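Inspection log for the structure reproduced underneath, given as C-alpha cells.
The shown structure was predicted, so the numbers you read here are calculated from the model rather than taken from an experiment. Every number for a ligand or one of its atoms is a count from 1 in the order of the listing.
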Amino acid sequence: MTDWTDSRTFSNALERAETLEKGSCFEDFSEGQTIEHAAGLTLSAHANELWMSQTLNHDPVYWRSDAARAVGYDDSPIHPDYLLASVMGPSVEDLSEKGGYFLGRDDVSIHDPTVAPGTEIRVESMVEAKRESSSRPDYGIVTWETTGFDAETGDSLLSYTRTNMIPRREPMATDGGRESPTDSRATGETDDSGLPSEFVSPDGPYFEDFRDAHERTTNRDAAVAYRHERGRTMDDVMVATLPLVTLNTAKQHHNDDYMADSPSGEIVAYGDVTRSVALGHARSDERTYREIGYGDEQFHDFVTVGDTIYGFTRVLATEDTDDSEAGEVTFEHYAFNQRDEPVYSGTRTALIQKRNQ
Ligand SMILES: C/C(=C\C(=O)O)C(=O)SCCNC(=O)CCNC(=O)[C@H](O)C(C)(C)COP(=O)(O)OP(=O)(O)OC[C@H]1O[C@@H](n2cnc3c(N)ncnc32)[C@H](O)[C@@H]1OP(=O)(O)O
C-alpha cells in the first residue's frame with residue numbers, strides 16, 4: 001500500500017497534482033457583468049471593536065451610546081472603516097484573490113452612517129471597465145463598482161469603485177509589491193520643488209480651527225499640512241487577523257510561504273488596515289461628527305510586519321453648512337512608514353463639530 005506521507009512519494013504527488021484554483025483572472029471579467037459575492041457577512045460588535053481598537057480609531061461615538069446620542073445617533077453605529085472593509089472583504093475571492101496590485105479606489109460613499117452591529121450584508125460588484133496593461137504584459141487592469149446592501153431591507157449601505165491589476169491566465173504572477181525598476185527608494189531623491197513655502201496647522205480639533213487655518217493660506221504660497229504624533233507598528237493581528245475577520249481571502253496577507261517569492265518576500269498588510277491607521281491618527285486630532293466619503297485612494301508601496309505607520313494630513317477645503325452642529329472639511333490623508341515613504345494617500349470629506357457644541 002502506498003504511503004502517501006512518505007516524503008518522496010508526497011513530493012511526487014504534489015508535483016503531479018493539479019491545483020484547484022481560487023479567484024479570477026483578467027480574462028474572466030467582462031464589462032457590464034454583475035457579480036454577487038456569495039458569502040456576505042454579519043457585522044459583529046466584536047470584529048468592529050477589534051478593528052477600531054487595533055487601528056487606534058478610539059472615537060467614543062463608536063464605543064458608547066451616550067457619546068453616540070450626543071451626535072444624533074440612537075446608539076453607537078458600526079465604524080465606517082470596518083464597514084468599508086466588510087464590504088470589500090467578501091468581494092476579494094471573486095475579484096482580486098489571484099493576487100493583483102490594488103491600484104486605487106474612488107467615490108467611497110457611505111449611504112447610511114447608522115448601520116448597527118448585527119446587520120447582515122450582501123455585496124455585489126459590477127465590472128465597469130477592463131483594459132490590458134501596457135507596462136506589465138502579465139496583467140490586465142479591471143475597475144469594478146462594489147456595493148454593500150443591508151441583506152434584509154435591500155438598502156444600499158456603502159459603495160465605491162476600485163481598480164486592480166489582475167493577472168492574465170498565462171503566465172501567473174505573484175503579488176505583494178512593486179516590481180518596477182523605478183522604485184523611488186532606489187534613487188533616494190526627494191523633489192520638493194512643488195511644495196508651498198509655508199505649512200499651517202489648525203489650532204484645535206473643531207471645524208472653526210480647520211476653517212481659520214485654511215483661510216490663513218488663501219492667496220498665499222501656503223497649505224494647511226501637518227503630521228499626527230501617533231504611530232502604529234504593524235503586527236500579525238494587523239496584517240493577517242484583520243483582513244481575515246472581514247473574510248478577505250487574499251493570500252498576500254496570511255500566507256508567508258506563497259509570499260516568499262514575491263517582491264516583499266513576506267506577507268503584506270491589507271491596504272484598508274494601513275489606510276484605517278492613517279485615518280485613525282487623523283481623527284484623533286479632530287472632533288469628527290459624520291464621515292461623508294472618500295476618493296482618489298492610492299496605495300503607493302507595500303507594508304510588512306514591523307513597519308510603523310504614521311499619518312500626515314492636508315486640508316483641501318472647508319465649507320460652512322446650515323447645520324449648527326458641524327461644518328464640512330475635505331482632507332487629504334497620507335500614511336507613511338518609518339522611512340518616511342508614503343504608502344497610502346486619499347481624500348476624505350467629513351463633518352467636523354463646531355466649537356459651540
Ligand atoms: C485589497 C488588497 C488587495 C486586493 O485587492 O485583494 C490589498 O490591500 S493589497 C496590499 C496593499 N497594496 C499594496 O501593497 C500595493 C502597493 N503599491 C505598489 O506596489 C505600486 O504602487 C503598484 C504596483 C500598485 C503600482 O506601481 P507603479 O509602478 O507605480 O505603477 P504605474 O506604472 O504608475 O501604474 C501601472 C499601471 O496601472 C495604471 N494605474 C495606476 N493607478 C491607477 C488607478 N488608480 N486607476 C487606474 N489605473 C491605474 C497605470 O495607468 C499603469 O497602466 P499601464 O500598465 O497600462 O501603463
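The shortest N or O to N or O distance between I141 and ligand 1 is not under 3.5 Å. Residue R162 has at least one N or O atom closer than 3.5 Å to an N or O atom of ligand 1. Residue contacts with ligand 1: Y101 is placed with no nitrogen or oxygen under 3.5 Å of a nitrogen or oxygen of the ligand (distance criterion only). For the pair N164 and ligand 1, the shortest N or O to N or O distance falls below 3.5 Å. Of the N or O atoms in F299, one or more lie within a sub-3.5 Å distance of an N or O in ligand 1. Between S96 and ligand 1, at least one N/O pair is under 3.5 Å apart. Ligand 1 has a nitrogen or oxygen under 3.5 angstrom from a nitrogen or oxygen of S134. Inclusion of S133 in the set of residues having an N or O under 3.5 Å from an N or O of ligand 1 is warranted.
When ring centroids are compared, F299 and Y101 stay outside the 6.0 Å threshold. Taking the ring centroids of Y160 and Y294, they lie at or beyond the 6.0 Å cut-off.
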Show the numbers, then the answer: is there a side chain to side chain donor-acceptor pair (under 3.5 Å) between Q298 and R105? CA-CA 7 Å; Q298 290 178 52; R105 190 172 52 199; over 6 Å; no
Between S133 and R168, does the side chain to side chain donor-acceptor pair (under 3.5 Å) criterion hold? Intermediate values first, please. CA-CA 10 Å; S133 163; R168 299 170 68 92; over 6 Å; no
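Side-chain N or O atoms of D209 include none that pairs as donor or acceptor with a backbone N or O of P202 at under 3.5 Å.
Minimum interatomic distance between P77 and Y62 (heavy atoms only, all atoms of both residues): O-CD2, 3.4 Å. Across every non-hydrogen atom of P243 and Y270, the tightest pair is CG-CB, 3.7 Å.
Atoms of ligand 1 lying under 4.0 Å from at least one heavy atom of G271, given by number and element, are 7 (C), 8 (O), 10 (C), 11 (C). Near M88, meaning under 4.0 Å from any of its heavy atoms, are these atoms of ligand 1: 1 (C). Atom numbering of ligand 1 starts at 1 in the shown order; those under 4.0 Å from a heavy atom of A269 are 10 (C), 11 (C).
The distance from the CD atom of E325 to the CD atom of Q353 is 7.5 Å, given to the nearest 0.5 Å.
When non-hydrogen atoms are compared, ligand 1 lies under 4.0 Å from the backbone of L103 as well as from its side chain. Neither the backbone nor the side chain of D106 has any atom closer than 4.0 Å to an atom of ligand 1 (non-hydrogen atoms only).
In summary, E286 and R348 engage in a salt bridge, as defined by a charged side-chain N under 4.0 Å from a carboxylate O. With respect to K354 and D323, no salt bridge is recorded, no charged nitrogen being found less than 4.0 Å from a carboxylate O.
Among E297, Q298, E97, R136, the residue whose heavy atom lies closest to atom 27 (P) of ligand 1 is R136. Remark: among candidates E132, E93, R131, the nearest residue to atom 55 (O) of ligand 1 is R131, based on non-hydrogen atoms.
Distances from ligand 1 to the non-hydrogen atoms of S264 include no value under 4.0 Å. By the 4.0 Å heavy-atom criterion, Q252 is counted among the residues contacting ligand 1.
In this model, a donor atom of one side chain and an acceptor atom of the other lie less than 3.5 Å apart for D94 and H37.
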